[in-house]
Amino acid sequence: MSQKEEDLFTHQDTLAQLHESLPLSDKLRFLHQTIRDDFSFIDRLAIALFDEATDTLKTYTHSTEGDDSPIAAYETPLGAAPSLRAIMQHRRPRLVQDLNIFAKGTHEHTKRVAAKGYRASYTMPLYQSGTFIGFLFFNSLQPHPFGPKTLRQIDIYGHLISLMVINELTAIRTLMAAVQAARNMTHYRDIETGSHIDRTAHYARLIARELAPSYNISDEQIEHIFLFSPLHDVGKIGIPDNILRKPGKLNDEEFKIMKTHPEKSREIIDAVLKDFSLGTFGHVNIMRNIAEFHHEAIDGSGYPRGLKGDEIPIESRISAVADVFDALTSRRAYKAPWSNDEAFAMLQRLADTKLDRDCVDAMLKNTDKILEIQQRFRDEEAI
Ligand code: C2E
Ligand code: SIN
Ligand code: SIN
Ligand code: FE
Ligand code: FE
C-alpha cells in the first residue's frame, strides 16, 4: 500500500472479529469487552432460550463462560418465573435497577443471579419474525446503573446479539432438517424410532450436564450435544437392508460393512454442511465428532480409528454411553430389550474398556432421571 492509500485504512472496524467463524459464546464475550469500553458497569451478558413445546427456559450462553457462572446448565419452567413471563407477555424489556427488590421469595433463577452479587439487570425479550425465542440479560454488579441514554445504546447491541442468536439457531435448524430429510428418505426410520432418537438425546444431555463442571462443558456445548447426538447413526442409511435388519448375529464380513457407518455419518453431515454453506457455524465439530467417533473405545479397540482415552472427544464418549444404553434397553432385529438393571450392570462392566468411566458414572448417578426419560419417550409400537 502506498502511504496515501494507507491513510484511508487507519481505522480498524471495532467489531471486525464478528466476521470470523466463532462459537456464539466467543462472539458474545468479544461484544461484551467492546460494550464495557463504553459501559464499564455491565458485568455480564447472558442468553436463555425458550422451548415452546415444554414451556421451559434454558440457559444458553453467557459472556462469563468458563468462569464461575451463577446459572450454568439450568432449566426452569417459565411458569415458575412470573417476572420473566411478564416480560414475554408485555413484549417489553424489563429494567430492575436494584435486584434487592426481589430479595424475598422469588424463584431460583433470580436468587442465583443475586447470590453472585449482581445488583441490577436489563432483560430484553428476543423475537424471531415476531415469535418469542428467549431472553437477553445485561447484568451489573452496581445498583442503578442504567440511564435512558445508556439504554438506547444498549438496545442496539441487544438487537445485534439477537440477530447473532437467530442466525445460529437458523443454521442449526437447517442442518437438522436436512439430515432428518436424508433419514426419512430411507428405510432407516423403520428401525430407529422417533422415541429412540429422543431418548438418546436426553441421555446425552444428562451426562453432559453432570460432567459440565469438571470437564468445563458450556451450556452451548451441552445444547449441541443434545441436538446432535441423535444423528450419530445417520450413516446407517448406507448399510444394505440384509445386514441392517438381519435377525441374527452378523458374520465378520457383514460386521466389516456395518463398521463403515460412523464414517458414512460423518460424510453425510459434511455434505449437508457444504451444500447449505453451514461449515462456518460455531460448533460443527461437535456434530462431526459424535458422528465419526461414537464407536471408538477407551482401550483403543473401537472403530473407525482405534483412538484411545481422551484422544476420543468428550462429546463422542458421551454419546457412546447414551447410544449403548439405549441399544441395550431397546428391541433390535437381533436382540430382545434388556432390563435397566441388566443394562446398568453392562455399562459398569464396559467402563474403562469400551466406555468412559466418568460418562458411565454420570448415567448411573441419575437412574431416576433415566426412568423419567424412558417414561416420557416410550416406543410407539407395542412390544
Ligand atoms: P446398535 O444396535 O444401535 O448398537 C449400538 C451399540 O450398542 C453396539 O455397537 C454395542 O456397543 C452396543 N450393543 C448393542 N446390543 C448389544 C448387546 O446385545 N450386547 C452388548 N455387549 N453390546 C450391545 P456395535 O457392536 O459396534 O454395533 C454397531 C451396530 O451394528 C449396532 O447398532 C447394530 O446396528 C449393528 N449390529 C451389531 N451387532 C449386530 C448383530 O449381531 N446383528 C445385527 N443384525 N446387527 C448388529
Ligand atoms: C446463564 O448463566 O448462562 C444463564 C443466563 C441467565 O439466565 O441469566
Ligand atoms: C429474573 O427475574 O429471574 C431474572 C434476573 C436476571 O437474570 O436478570
Ligand atoms: Fe452407531
Ligand atoms: Fe447407535
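Both ligands and their constituent atoms are indexed starting at 1 by order of listing.
- Side-chain contact check for S339 and E342: at least one donor-acceptor pair (N or O, by modelled atom type) lies under 3.5 Å.
- Rounding to the nearest 0.5 Å places CG of D361 at 11.0 Å from CG of N366.
- Considering NE2 of H232 and OG of S316, their distance stands at 11.5 Å, rounded to 0.5 Å.
- Taking every heavy atom of I243 and a limit of under 4.0 angstrom, the matching atoms of ligand 1 come to 44 (N).
- Nearest-residue assignment for atom 23 (C) of ligand 1 (options T329, L328, D233, L250; heavy-atom criterion): L328.
- H261 contributes NE2 as its N, O or S atom closest to the Fe ion (ligand 4).
- For M346, no nitrogen or oxygen atom sits less than 3.5 Å from a nitrogen or oxygen atom of ligand 1, counting backbone and side chain alike.
- At a threshold of 2.8 Å, the Fe ion (ligand 5) has a backbone or side-chain N, O or S atom of D233 nearer than that distance.
- With a 4.0 Å cut-off on non-hydrogen atoms, K354 does not touch ligand 1 at all.
- A side chain to side chain contact (heavy atoms under 4.5 Å, CB included) with R119 holds for exactly one of L99, D98, L141; it is D98.
- Salt bridge absent: D326 and R332 never bring a charged side-chain N and a carboxylate O closer than 4.0 Å.
- Put simply, the side chain of I298 does not reach to within 4.5 Å of the side chain of K308, judged on heavy atoms.
- The option with the heavy atom closest to atom 33 (C) of ligand 1, from among F325, Y334, Y303, F255, is Y334.
- Among the atoms of H232, none of the N, O or S atoms falls under 2.8 Å from the Fe ion (ligand 4).
- Heavy-atom proximity to atom 35 (C) of ligand 1, evaluated over M258, E254, R349, is greatest for M258.
- Of all atoms in ligand 1, numbered sequentially from 1 with element shown, those under 4.0 Å from a heavy atom of G248 are 40 (C), 41 (O), 42 (N), 43 (C), 44 (N).
- The shortest side-chain heavy-atom distance between L57 and L49 does not fall under the 4.5 Å cut-off.
- Ion pairing between R29 and D26 holds under the 4.0 Å rule for side-chain N and carboxylate O.
- The Fe ion (ligand 4) is the vertex of the angle joining NE2 of H295 and NE2 of H294, which measures 90° to the nearest 10°.
- Of the possible donor and acceptor atoms, none in the side chain of D356 sits under 3.5 Å from a partner among the backbone N and O of D352.
- Within D323, the N/O/S atom positioned nearest the Fe ion (ligand 5) carries the name OD1.
- For atom 31 (C) of ligand 1, the candidate residues are H196, K236, R332; the nearest heavy-atom contact is made by K236.
- Applying the 4.0 Å criterion to heavy atoms of K335 picks out, from ligand 1, the atoms 15 (N), 18 (O).
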